[in-house]
Q: 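Sharing a structure, written as structure tokens. Questions coming.
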Amino acid sequence: MKNLGLILYCSSCSTWNIIVFICSFMLMHSNVVVHAESFEFDSLLQLPKSGSSARIRPRAKQVLSVSDFGAKGDGYHNDTRAFENAWNVACSSPGRIRIVIPAGYTYLVHPVELGGHCKSKITLMISGTIVAPKNPNVWDGLNPCKWLYFHEVKHLHVVGGGTINGMGQQWWARSCKRKKTNPCRHAPTALTFHKCKDLKVHDLMLVNSQQMHIAFTSCLRVMVSNLKVIAPSTSPNTDGIHISSSHGVEVKNSVVRTGDDCVSIVGNTSRVQIRNFVCGPGHGISIGSLGKSNSWAQVRNVLVDGAFISNTENGVRIKTWQGGSGYASDMKFMNILMENVAYPIIIDQYYCDSDLPCANQTLAVKVDNISYVHIKGTSAVEEAIRFACSDSLTCEGLYLEDIQLVSKTRGITKSFCWEAYGSSSGLVQPAPCLTCSDGFIKQKVPYGLPIGSF
């Protein structure tokens with residue numbers, strides 16, 4: 001077995017190749033029968049320390065079930081305390097901890113905050129269903145914007161194939177967007193991550209949130225994949241994925257069908273990638289709104305690559321308020337298929353979400369270096385491309401390439417431009433109306449960088 005020892009210390013061999021070689025060697029040169037269920041691969045990967053025969057094994061991952069902390073899982077009893085206790089034990093324990101919400105059960109959870117500064121790296125495995133209280137009065141005296149709220153957690157991994165149900169029907173019924181005589185009040189975001197770092201969220205379903213479904217605020221390095229977010233098209237303010245003041249966020253392989261923006265990106269946010277994404281119904285993929293109430297905002301380095309957007313009120317949209325300040329810059333929207341979408345490509349620097357007309361103001365959020373490449377499909381309105389830019393701070397560096405947006409009703413589609421400067425290349429339908437600007441440089445920043453390089 002001398003040669004086997006040499007192979008184990010071969011620095012250029014991959015772990016898997018070493019394992020395959022050893023298994024083959026043993027089968028060819030020994031009468032030993034190797035059973036897959038009993039063969040200890042870990043023993044091959046844990047090499048002894050120099051001068052010692054001691055074997056080092058990784059610390060076993062601890063598993064905590066909310067059932068062990070008294071959770072009933074019948075959808076009737078309040079299981080909030082069991083969730084809090086399980087989290088507190090996991091957070092205070094060193095190593096890697098898994099909290100399990102078992103499949104086949106429904107857990108009623110009231111508004112809860114689960115804080116960080118944990119000693120452990122926690123995996124929250126949601127395999128069952130978590131439901132919110134139906135009655136909005138449960139939030140009396142509490143923060144009306146929060147339901148499941150995680151803050152200041154590092155290396156959190158949320159997964160499991162389960163469902164989070166916001167039970168938002170009563171919240172929607174009393175919304176001022178449903179009935180104008182209702183007072184305009186806040187409603188909870190179903191799942192919020194605030195000041196979290198190195199976060200992974202995947203393989204979950206979120207349905208019928210009270211307001212926004214999932215929000216990332218002031219987060220760093222976030223990976224989101226295989227989410228399904230569902231609410232009726234008539235549900236008010238039920239954004240699917242909301243990203244605010246966060247950096248290094250990747251969303252991929254997900255479906256959002258709600259009553260508001262599929263994705264909304266606001267605040268001081270940068271380095272966002274959205275890939276292989278399905279959106280609709282809803283309001284499309286939105287940058288903004290930015291600059292409300294004369295505020296400052298900056299969103300930059302955004303890539304949307306690979307999306308199917310259908311039956312939405314907008315396609316890919318940048319929306320800013322008059323009087324705001326800051327930047328919306330260095331963005332690329334590419335490889336997108338539209339189906340029956342109103343305003344498939346739109347920049348609206350006169351956004352006004354009010355029953356009363358908004359006052360004209362000279363200050364504006366600067367919009368520049370925005371590219372639209374390989375976007376095709378059908379428009380539900382005549383203006384398939386609309387660039388309504390500020391009089392005082394014009395849109396610059398807009399770029400169109402390989403655009404084919406035809407009418408859903410077989411009519412004619414048009415472009416609308418106001419103070420919009422840039423260029424186009426190749427076939428663009430409807431015909432572009434951009435004003436050429438001197439010194440325009442196509443794609444000032446590189447796109448498609450891996451999320452870890454941001």
Q: What ring-ring contact (aromatic ring centres under 6.0 Å, His included) pairs are there with at least one residue in residues 270-329, not counting sequence neighbours?
A: Trp321-Tyr351

Q: Check whether the SG atoms of Cys279 and Cys262 are less than 2.5 Å apart, and answer yes or no.
A: yes

Q: Run the disulfide bond (SG atoms under 2.5 Å apart) test on Cys184 and Cys176 for me, step by step, so that the C-alpha distance in whole Å, both residues' side-chain angles and the decisive distance to 0.1 Å come before the verdict.
A: CA-CA 5 Å; Cys184 291; Cys176 61; 2.0 Å; yes

Q: Excluding sequence neighbours, so at least two apart, what forms side chain to side chain donor-acceptor pair (under 3.5 Å) with Asn335?
A: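 Only Asp305 meet the side chain to side chain donor-acceptor pair (under 3.5 Å) criterion with Asn335.
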
Q: Centre-to-centre under 6.0 Å for Trp147 and Trp171, is that the case here?
A: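 No, they do not, as the ring centres are separated by 6.0 Å or more.
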
Q: Is the shortest side-chain heavy-atom distance between Trp87 and Ile99 below 4.5 Å?
A: yes

Q: Could you tell me whether the side chain of Glu401 reaches within less than 4.5 Å of the side chain of Tyr399, counting heavy atoms only?
A: yes

Q: Who passes disulfide (SG to SG under 2.5 Å) against Cys219, sequence neighbours left out?
A: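 Once residues adjacent in sequence are excluded, Cys219 has no partner under the disulfide (SG to SG under 2.5 Å) criterion.
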
Q: Can you name the side chain to side chain donor-acceptor pair (under 3.5 Å) partners of Asn78, sequence neighbours left out?
A: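 Result, side chain to side chain donor-acceptor pair (under 3.5 Å) vs Asn78: Thr80.
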
Q: Got a sec, which residues hit disulfide (SG to SG under 2.5 Å) with Cys145, two or more places apart in sequence or on another chain?
A: none

Q: Applying disulfide (SG to SG under 2.5 Å), can you list everything that pairs with Cys196, at least two apart in sequence or on another chain?
A: none

Q: Is the distance between the ring centroids of His213 and His242 less than 6.0 Å?
A: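 Ring-ring flag for His213/His242: false, centres at least 6.0 Å apart.
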
